[in-house]
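This is a predicted model, so every value here is computed, not measured. To find a chain, count down the sequence lines: A is the first, B the second, and so on, and within it residues start at 1.
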Protein chains: 2
Amino acid sequence: MRYVKEHKLQTRSRIVEMASYGLRQNGADGVSVADLMKLAGLTHGGFYSHFESRDALVVEAFALAMDRTVSRWLELTRVMPVEERFDVVVDAYLSPDHRDNQQSGCALPALGADIARSNQKARRRLARKLEEMIDVLARLLPQKSPAEARQVATGAIATMMGSIVLARAAGNKMLSDDILHAGRQAVRNQAAVRTAK
Amino acid sequence: MRYVKEHKLQTRSRIVEMASYGLRQNGADGVSVADLMKLAGLTHGGFYSHFESRDALVVEAFALAMDRTVSRWLELTRVMPVEERFDVVVDAYLSPDHRDNQQSGCALPALGADIARSNQKARRRLARKLEEMIDVLARLLPQKSPAEARQVATGAIATMMGSIVLARAAGNKMLSDDILHAGRQAVRNQAAVRTAK
DNA sequence: TGTACATCAGTGAACGCGCGTTCACTGATGTAC
DNA sequence: TGTACATCAGTGAACGCGCGTTCACTGATGTAC
């Protein structure tokens, strides 16, 4: 064996990571296998020794991007006072920076609709990642009951991802900024109602 | 002239209408020109005597679908007492029926992300349709100031479309239903805060 | 009223291209001696 | 320590296919006579 056993796994990870950028940027159908491999510094021929199909990579890349978003939320809130944590996440999500950097942003606005048209297996995997995301966000609302926190977190994620899609789609700077602002207000209002446990 | 002048325009309209169903169902990249023409009962050869390119049809079909949604909201609320109108629209949007009938539903959840990756011209056209949609929904909140109604309507549309995308993407019936429910609550809470003018 | 004709909406074969996928091959590498 | 070797990660040509688009043609139709 001329290569350490981890070498191929590292290459595979690199492909998934770079693909997650390319796919978020251009959509699930917007990048060819050859281009995805080029992003990882490889040629397309070796692709099928790493993945069963292009679709399999798309699902993996999506899952990785979801994990990264969750990790980012955890990092972002670690050193924050409890009562500011939720708003910090919301403000970072609904920022011009996130709107303008699709390739490194949350996978939901970029790929959600593609997953919705995908097969059941992919949608189940998304569902699990989405539940994780909801749980992490709900834990940033400790002043609410678990059930209410979960409901608010679910609505907040829907509002945040919808706002980002619309803000990116609107070919009109002023409208786009208005959408981000309205999204922030909307999430705050959702969280504010019946704050008491 | 062997055909009345409106004949070709009617055919064109039929193509746009049928395309709007096919594209909402399968995404902007999910249906071929040949299939889109077949939906209208035609063959693909005549396509370019009606449209400059496939993209041009996609944009027209998207715009038509947006108009239909706005018309639907107006019909739905015409005979309703003023104070119930907003909720009627929200409940119809965030219904299992809308989630499960992508082809005849709102174009934003189905095609928003595709438009976000489209050219500036298409995005400007979307922006105009989106402003219309926001205005119509804002007018269903007459108890708020125009500025606040517009902000709430914007946030509500983001929440509604985000919830539908997530509810469709979640390969898990219970989660999907939870998302619709959380979306309804979220929109209500957004509208409820500071209701007074 | 009947017929020949010009028009043009719609047809379907053909094009070039890029895609996902396959496969015979290469060459860098750790190991055996 | 140096060399021959087996392995297999990665290469790039080739495949079949479906796509968007083009174009020469057809045939149904309203009009002129």
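Separating the CE atom of A/Met37 from the P atom of C/dT21 is a distance of 13 Å, rounded to the nearest angstrom. Taking atom CG on B/Leu42 and atom C1' on C/dG12, their separation rounds to 13 Å, with Å as the unit. Rounded to an integer number of Å, the gap from CG of A/Leu57 to C1' of C/dT21 is 14 Å. Rounded to an integer number of Å, the gap from A/Tyr48 OH to C/dC25 C1' is 19 Å. Rounded to whole Å, atom P of C/dC19 lies 12 Å from atom CG of B/Asp29. In this structure, B/Arg14 places its CZ atom 14 Å from P of C/dA9, rounding to the nearest Å. The nearest whole Å value for the distance from the NZ atom in A/Lys8 to the C1' atom in C/dG30 is 17 Å. If you measure from atom CZ of A/Phe47 to atom C1' of C/dT21, you get 10 Å, rounded to the nearest angstrom.
Distance from the side chain of A/Thr11 is smallest to D/dG10 among D/dG10, C/dG20, C/dA9. Closest to the side chain of B/Thr43, out of C/dG20, D/dT21, C/dT11, is C/dT11.
Atom CE in B/Met160 sits 12.5 Å away from atom CG in B/Leu180 (nearest 0.5 Å). The distance from the CZ atom of B/Arg124 to the CG atom of A/Asn172 is 6.5 Å, given to the nearest 0.5 Å.
Checked for salt-bridge contact, B/Arg184 and B/Asp87 miss the test: no charged N lies under 4.0 Å from a carboxylate O. A salt bridge links A/Glu131 to A/Arg150: at least one charged side-chain nitrogen sits closer than 4.0 Å to a carboxylate oxygen. The residues B/Asp178 and B/Lys173 are annotated as not salt-bridged, no charged nitrogen and carboxylate oxygen being separated by less than 4.0 angstrom. Note on A/Asp177 versus A/Arg99: salt bridge recorded, some NZ/NE/NH1/NH2 to OD/OE distance being below 4.0 Å.
Neither OP1 nor OP2 of D/dG10 sits under 4.0 Å from any side-chain N or O of A/Ser49. Taking only side-chain nitrogens and oxygens, A/Ser53 never comes nearer than 4.0 Å to OP1 or OP2 of C/dG20.
A donor-acceptor contact under 3.5 Å links the side chain of B/His44 to the base of C/dA13.
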Check your understanding: Hey, mind stepping through B/Tyr21 and B/Gln25 against side chain to side chain donor-acceptor pair (under 3.5 Å) and telling me if it holds?
Key -> CA-CA 6 Å; B/Tyr21 297 128; B/Gln25 180 75 337; over 6 Å; no

Revision key, fill the gap. Each base of DNA chain D marked ( ) or [ ] if paired in-strand (Watson-Crick or G-U under 3.5 Å), | if paired to another strand and . if unpaired gives .||||||||||||||||||||||||||||||||

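Within the 4.0 angstrom heavy-atom criterion, only backbone atoms of the sugar-phosphate kind lie near A/Ser32; the bases stay farther away.
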